[in-house]
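So the structure is just underneath, and the comments pick up after that.
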There are 2 protein chains.
Amino acid sequence: MAIDETDRKILLELQEDAGRSLDEIARAVGSSKTPVWNRIRKMREAGIIGPQVVIPDPEKLGFEACFFVLIRTSEHEADWQRKFLKALRERPEVMEAHRLAGEIDYILKVRVKNARAYDVFYQALISEVKVYNVTALLSMEELKNTNALPL
Amino acid sequence: MAIDETDRKILLELQEDAGRSLDEIARAVGSSKTPVWNRIRKMREAGIIGPQVVIPDPEKLGFEACFFVLIRTSEHEADWQRKFLKALRERPEVMEAHRLAGEIDYILKVRVKNARAYDVFYQALISEVKVYNVTALLSMEELKNTNALPL
DNA sequence: CGTGAAAACTACACAGC
DNA sequence: GCTGTGTAGTTTTCACG
């Protein structure tokens, strides 16, 4: 599905603040209710627009530790991968996980209440799957965090 | 502000899908409209609930490259930091930025349309601020990505 | 602190342009 | 493809238990 300039503007608004009414969004993009609504519906159907969520404040909820975990493994069989993937999906502390190209095989972003909670997570993970090398980078300060794509 | 069990349940629902009506959420947490609405309002005021946004699908919008950028710097003066922070905030490709403890000073998550677009970003960044060493990790596959905290 | 109803607003569908 | 109107449903307020 192709996206035009108006769709782009709508997306920019929605990924900034989706809590406003159709009217407000329509005004912001210089159009009116019905066309905007039809475009949003189409983008939803096409899967361009995913779920609508609230972003909770991690600090205020006591999630004061955030780690980036760099993982090297020696095992590259399908079965190991399947188990590893399952473990990541099941653990709610894992906010983000990517398979990488190059030296390092995986990167995870893990949010926990404190350093001890990270250790609990870490011990649980390595008992479930064999990994060759793990490096944890501790975040001191979150300088920026957005889901808004640079459309 | 303290959060009780009901607030926790509401947050779990909202960070999963905030697109539903109050009625549905109230039913899901085993309460009714007014109390749920009052709790949501309080959490909003307290900043526990941040903005409500839609999550666009990066792939479908042509953002096929995602890099994690590990940055070491030799400069640690306040002025350098201010400039660096400003550069990160202004560049929409930077989805996420953390200041780290340890060897590596910063990690960025950068989403771009392709590898060439990453190079444009990289050249622009190093021309704005001096950095000592930069390592880019290319994501091959996004295995998981959520904003939902493990409440 | 919860219930229920009233008022204002919003989403969604559709006829006409 | 846009404008405007109508209706069903939703949010938000409030008086009361």
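A note on names: the letters A, B, ... follow the listed sequences, proteins ahead of strands, and every chain is numbered from 1. Please read these numbers as outputs of a predicted model, since none were measured by experiment.
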Salt bridge present between B:Arg39 and B:Asp7 (N-O < 4.0 angstrom):
yes

Using a 3.5 Å distance criterion without hydrogens, assess whether the side chain of B:Lys144 forms a donor-acceptor pair with backbone atoms of A:Met95.
no

Show the atom names and distances, to 0.1 Å, of all donor-acceptor pairs under 3.5 Å that link a side chain in residues 46-67 of chain B to residues at least two apart or in another chain.
unit_1  : atom_1 : unit_2  : atom_2 : d
B:Asp57 : OD1    : B:Glu59 : N      : 3.0
B:Asp57 : OD1    : B:Lys60 : N      : 3.2
B:Lys60 : NZ     : A:Ala46 : O      : 3.4

I'd like to know if the side chain of A:Gln15 reaches the main chain of A:Leu12, judged simply by a donor and an acceptor atom lying under 3.5 Å from each other, with no hydrogens or angles considered.
no

Apply the hydrophobic cluster definition, ILVMFWY joined by side-chain contacts under 4.5 Å directly or through others, and give me every member besides B:Ile107.
A:Phe68, A:Leu70, A:Leu100, A:Ile104, A:Ile107, A:Leu137, B:Phe68, B:Leu70, B:Leu100, B:Ile104, B:Leu137

Those stems involving DNA chain C that have three or more consecutive Watson-Crick or G-U pairs, both distances under 3.5 Å, are C:3-6 with D:12-15, C:8-17 with D:1-10

In this structure, CG of A:Leu22 is separated from CZ of A:Arg27 (nearest 0.5 Å) by 11.0 Å

When every non-hydrogen atom of A:Val94 is compared with those of A:Leu88, the smallest separation belongs to CB-O, 3.9 Å

side-chain hydrogen bond (donor to acceptor under 3.5 Å, both in side chains) partners of B:Arg41, counting only residues at least two apart:
B:Asn38, B:Glu45

Salt bridge (Lys or Arg N to Asp or Glu O under 4.0 Å): pairs with one or both residues in residues 106-123 of chain A, sequence neighbours excluded
A:Lys109-B:Glu96, A:Arg111-A:Glu142

Any residue of residues 40-54 of chain B with a heavy atom less than 4.0 Å from an atom of DNA chain C
none

Note: chain B reaches DNA chain C at heavy-atom distances under 4.0 Å over the stretch, first to last nt, 5' to 3', of C:dG2 to C:dG4

Name all residues meeting the salt bridge (charged side-chain N to carboxylate O under 4.0 Å, His left out) criterion together with B:Asp23; count only those two or more places apart in sequence or in a different chain, and write none if there are none.
none

Can you give the first and last nucleotides of DNA chain D, 5' to 3', that have an atom under 4.0 Å from a heavy atom of chain B?
D:dT10 to D:dC14

Please give me the minimum heavy-atom distance between B:Arg89 and A:Leu143, naming the atom from each residue.
NH2-O, 3.0 Å

Quiz: residues 120-128 of chain A side-chain donor-acceptor pairs under 3.5 angstrom, not counting sequence neighbours:
unit_1   : atom_1 : unit_2   : atom_2 : d
A:Ser127 : OG     : A:Ala124 : O      : 2.9

Restricting to pairs with a member in residues 76-86 of chain B, which pass salt bridge (Lys or Arg N to Asp or Glu O under 4.0 Å), not counting sequence neighbours?
B:Asp79-B:Arg82, B:Lys86-B:Glu90

Stretch residues 8-31 of chain A: residues that reach within less than 4.0 Å of DNA chain D through a heavy atom:
none

Indicate yes or no for a side-chain donor-acceptor contact from A:Glu16 to the backbone of A:Glu13 under 3.5 Å, with no hydrogens or angles considered.
no

So does A:Lys130 get a backbone contact from the side chain of A:Trp80, meaning a donor-acceptor N/O pair under 3.5 Å?
yes

